[in-house]
Structures are given as C-alpha cells and as structure tokens.
Amino acid sequence: MGRGSASLSSRTLVIQTAFLGDAVLTTPLLAALADLHGPVDVVTTPLAAPLLETHPAVLQVIPYDKRRADSGWNGITTLARRLRAQHYERVYLPHRSLRTAALAQLARIPSRVGFKGLWSFLYTQARPKPRTGHEADRLLALADQAPGAYPPQLCPTPVDEQEAAALIGATGDFVALAPGSIWGSKRWPYFTELAARLAEQIAVVIVGGRDDAELGEEIVAAVKQQQRRSKHGGGGQVVNACGRLTLRQSAALIGKASLLVTNDSAPLHLATAMGTPVVALFGPTVTEFGFGPLRAGDLALGRDGLLCRPCSSHGPSRCPLSHHRCMRDIAVEVVTQAVEDLGALRSRN
C-alpha cells in the first residue's frame with residue numbers, strides 16, 4: 001500500500017501503531033526523516049494507513065492489525081520476516097511498547113532509534129523524550145529537530161475532496177461538530193444544544209465514524225425539531241456526516257469547515273493537520289498531557305479547580321465519581337462564545 005513500486009524502496013522505516021491521533025501527530029516526524037533520509041516506509045494500524053499513504057514523506061505504508069488478524073506472537077514474527085526482507089538500514093520507534101521494540105529487533109534492522117523507557121535496551125539509540133510540550137513536537141526529538149520545525153499534515157486526494165464536497169452540497173460556510181469519543185467520559189453532553197444555537201446563524205455538520213452515526217442522527221433530529229417549533233422558523237442546515245465518508249474524506253470535510261468543536265479525540269488532530277480552527281473540550285484529560293490544540297489561536301476549554309481532574313491519561317468509560325463535572329460544567333454559552341471569538345460565524349476566507 002502506498003506510492004512505492006518495484007524500482008523504488010526506502011532504507012528508513014517508522015513503526016507507529018498507537019492510536020489514530022498519535023499517527024496524525026507523527027506526520028511532522030515523517031517529514032523530518034524524509035528530509036534527512038528520503039521518503040520513509042511506515043508500519044501502522046489499518047485505521048491510520050489511509051491517512052499516511054498519501055503523505056509526501058511516505059513511500060509505502062504497511063498495515064499491521066495488532067488487535068485482530070496480526071495479533072499475538074505469530075503476527076509479530078510474520079511481519080518481522082517481511083520487514084527483514086526489505087533490508088532497512090534504520091527504524092524509528094516513536095511509540096514506546098514491547099511489541100514495537102520486539103518487531104524492530106526481530107526484523108534485524110541495524111539502527112533502531114527510540115525513546116528511553118522500559119524497552120529501550122532493545123534499541124541501538126535511546127533518546128530522552130521531552131517531558132513538556134506538544135506530542136507532535138516531542139516526537140520530533142527522535143530526528144533531532146526543534147519544536148515547530150514541521151507541522152502535522154494530511155493530504156486528502158482530489159477524489160476525497162470531491163466526495164466531501166458532494167456530501168455537504170450547497171451548505172456554504174459551516175461549523176463541524178465532533179461529539180464522539182471511544183472514551184465515554186471525554187464526551188461533552190451538550191452538543192445538541194450547541195448545534196441548535198449555532199444553526200441559528202450557520203450550517204452545522206456532525207462528523208465522526210460509524211459508531212457515532214446514531215448520535216449524529218439524534219442531534220440532527222433534535223435541532224430540526226427545534227427549528228420547526230421556532231417562532232422565526234428556518235435556520236441553518238444541519239447534516240449528519242458520521243459514518244458516511246472514509247477517514248481521509250472526513251479529514252477533507254473537516255478541512256472545509258470554518259471551525260471544529262470537538263472533544264479530546266482524533267478529530268482534534270485531523271483539524272490541526274488540515275489547518276481548521278479548533279475549539280477543544282477537555283474534561284478527564286488536560287492539555288498538559290501534550291495532546292491539545294497546537295496552532296496559535298486555537299482554544300482548549302476545561303473546568304479548572306476540580307481536584308479529581310485529570311483522572312486518567314485517556315479518560316475512563318465513565319466518571320469514577322459519577323458527577324462528570326469536568327464536562328458538565330463547561331457551559332454551552334462559553335463554547336458558543338469561543339466559536340464566535342474565533343470568527344467562525346463570519347465567512348471563512
């Protein structure tokens with residue numbers, strides 16, 4: 001998978017099999033390594049593979065389904081044999097895991113560069129990972145690059161752009177909302193109310209995967225019902241795009257938005273890589289973890305002063321204390337004002 005051919009091969013490999021957002025935030029490292037060594041090959045998850053295969057720094061993407069088809073020791077050794085046959089000179093390992101370290105070792109790649117940690121004895125070079133800063137910048141330390149030297153980047157194809165445009169039709173300017181998250185406690189509970197308020201002034205498009213389709217329909221139905229009951233009638237168009245596009249097409253759609261309002265989840269990083277302004281809502285997690293908005297002007301909103309926050313590195317499925325104040329206390333009015341402050345209710349030029 002990718003743009004390589006029998007006559008082209010890379011001597012540099014990157015293995016990144018963490019979450020989808022991590023793969024997006026690895027694109028600055030890919031660009032830096034391509035400048036140093038030429039286009040790279042990447043081992044990543046089947047979900048992230050389509051996002052990376054069109055990146056200009058990537059020659060070939062090798063999907064690795066570590067949870068299903070390629071799970072277990074047999075999956076590791078099978079892939080290791082495939083990688084060994086490519087005769088890579090070097091591999092970079094931004095994800096600190098035993099699976100990743102063992103894969104690089106078994107592939108017999110001479111130079112194995114990763115961050116110091118529990119499994120770094122399997123590397124030939126173990127570099128310290130910066131403790132502060134954004135994750136995209138911290139990963140650049142593997143290539144000895146300064147923070148901000150390379151921004152996150154995604155490259156949807158013209159076909160992706162066409163499919164995204166066809167879905168929204170003649171909507172015009174719109175705000176995208178991403179209400180989903182695989183971590184239940186990260187979900188802000190007031191996206192329906194926000195959608196209704198925004199739809200009074202601008203079109204709204206709900207973005208997400210297939211798992212978010214039902215939630216998207218609920219939001220659209222509630223907003224349309226409120227519009228019908230309104231004394232003024234009408235209102236902006238509301239579209240549910242959840243599950244209707246591929247991941248790369250969804251990135252293209254987010255790239256067309258005037259702004260994205262999102263939980264602390266993958267769409268935040270898609271928007272960053274597509275240059276779309278962001279209002280990000282943080283509850284059980286905090287931006288100090290390194291996964292907040294990256295670009296100047298983007299906003300992160302959260303409830304300060306809660307002793308229970310943050311409660312975990314990813315966010316549990318439900319609030320351990322059952323009150324979920326970290327998200328419930330972020331008022332719709334505050335989020336609406338943030339959207340307005342970033343100029344999304346004016347035409348995006």
Side-chain angles (χ1 to χ4, degrees), residues 1-4 10 12-31 33 39-55 57-83 86 88 91-104 106-107 109 114-115 119 135-136 139 142 152-157 160 178 180-183 186 207-212 243 245-252 254 264-274 291 313-315:
M1 180 183 295
R3 295 171 290 114
S10 176
T12 304
L13 180 68
V14 177
I15 303 177
Q16 175 55 285
T17 63
F19 292 110
L20 178 61
D22 296 286
V24 176
L25 297 180
T26 303
T27 58
L29 175 63
L30 301 181
L33 293 175
V40 303
D41 288 354
V42 182
V43 172
T44 193
T45 65
L47 180 62
L51 287 181
L52 299 185
E53 68 181 4
T54 57
H55 195 282
V58 175
L59 187 63
Q60 177 184 204
V61 170
I62 303 167
Y64 174 44
D65 193 358
K66 64 181 183 180
R67 301 296 184 193
R68 296 179 178 84
D70 303 319
S71 64
W73 183 249
N74 185 61
I76 292 176
T77 55
T78 299
L79 179 56
R81 285 194 296 270
R82 177 181 173 184
L83 298 178
Q86 296 297 315
Y88 292 108
V91 59
Y92 290 84
L93 309 164
H95 181 42
R96 290 184 286 194
S97 76
L98 175 59
R99 180 188 287 108
T100 296
L103 183 58
L106 291 170
I109 302 174
F115 289 118
W119 313 113
E135 181 70 2
L139 296 183
L142 280 185
Q153 179 188 21
L154 295 175
C155 302
T157 67
D160 297 327
S181 172
I182 61 173
W183 312 101
K186 283 186 175 181
V207 297
R210 293 178 182 175
D211 292 343
D212 305 312
L245 297 170
T246 67
L247 186 57
R248 207 168 58 218
Q249 291 165 2
S250 294
I254 290 172
D264 173 19
S265 59
L268 161 59
H269 309 303
L270 296 180
T272 297
M274 293 302 298
F291 295 91
S313 58
H314 293 297

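Numbers here are sequence positions counted from 1.
- Contact check for Phe115 versus Leu139: side-chain heavy atoms found under the 4.5 Å cut-off.
- Here the CG atom belonging to Leu13 is positioned 9.5 Å from the CD atom belonging to Gln60, to the nearest 0.5 angstrom.
- When all heavy atoms of Ser181 and Asp212 are compared, the closest pair comes out as N-OD1, 4.4 Å.
- In terms of heavy atoms, Ala80 sits closest to Leu103 at N-CD1, 3.7 Å.
- None of Ile15, Leu83, Val43 except one satisfies the side chain to side chain contact (heavy atoms under 4.5 Å, CB included) rule with Val91; the exception is Ile15.
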(message) Is there a side chain to side chain contact (heavy atoms under 4.5 Å, CB included) between Leu93 and Trp119? Walk through the geometry before answering.
(response) CA-CA 11 Å; Leu93 309 164; Trp119 313 113; over 6 Å; no
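- Of all heavy-atom pairs spanning Ser250 and Leu245, the tightest one is OG-CB, 3.7 Å.
- Not a single donor-acceptor pair under 3.5 Å links the side chain of Thr54 to the backbone N or O of Pro156.
- Side chain of Thr12 to main chain of Val40: no donor-acceptor pair is present (N/O by atom type, distance under 3.5 Å, no hydrogens or angles).
- Partners of His95 under the ring-ring contact (aromatic ring centres under 6.0 Å, His included) rule, at least two apart in sequence or in another chain, do not exist in this structure.
- When side chains are defined from C-beta on, Ser10 counts as touching Asp41, because their heavy atoms get closer than 4.5 Å.
- Residues passing the side-chain contact (heavy atoms from CB on, under 4.5 Å) test with Ala136, sequence neighbours excluded: Leu25, Pro28, His134, Pro152, Leu294.
- Within the 4.5 Å cutoff, no side-chain heavy atoms of Thr246 are placed close to those of Pro50.
- A donor-acceptor pair is defined here as one N or O able to donate and one able to accept, closer than 3.5 Å; such a pair exists between the side chain of Thr272 and the backbone of Leu268.
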(message) As a quick check of understanding, evaluate side chain to side chain contact (heavy atoms under 4.5 Å, CB included) for Arg248 and Leu154, giving each step before the final call.
(response) CA-CA 8 Å; Arg248 207 168 58 218; Leu154 295 175; over 6 Å; no
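- Thr27 places a side-chain N or O within donor-acceptor distance of the main-chain N or O of Val24, the cut-off being under 3.5 Å.
- Between Trp183 and His314, the two ring planes are parallel [angle under 30°; tilted spans 30° to 60°].
- For the pair Thr45 (side chain) and Ala48 (backbone), a donor-acceptor distance under 3.5 Å is present.
- Of all heavy-atom pairs spanning His55 and Gln153, the tightest one is CD2-O, 3.2 Å.
- A pairwise comparison of heavy atoms in Pro46 and Tyr64 identifies CD-O, 3.5 Å as the closest pair.
- With rounding to the nearest 0.5 angstrom, the CD atom of Glu135 is 6.0 Å from the CG atom of Asp22.
- Taking all atoms of both residues into account, the shortest heavy-atom contact from Leu20 to Ala266 is CD2-CB, 3.8 Å.
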(message) Between Leu51 and Leu270, is the side chain to side chain contact (heavy atoms under 4.5 Å, CB included) condition met? List the steps.
(response) CA-CA 10 Å; Leu51 287 181; Leu270 296 180; 3.9 Å; yes
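- Looking at Thr100, Thr26, Thr44 one by one, the single match for side chain to side chain donor-acceptor pair (under 3.5 Å) with Gln16 turns out to be Thr26.
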Name each donor-acceptor pair under 3.5 Å that joins a side chain in residues 66-73 to protein atoms two or more places apart or in another chain, with its distance.
residue, atom, partner, partner atom, Å
Lys66, NZ, Thr17, O, 2.5
Asp70, OD2, Asp65, N, 2.8
Ser71, OG, Arg68, O, 3.0

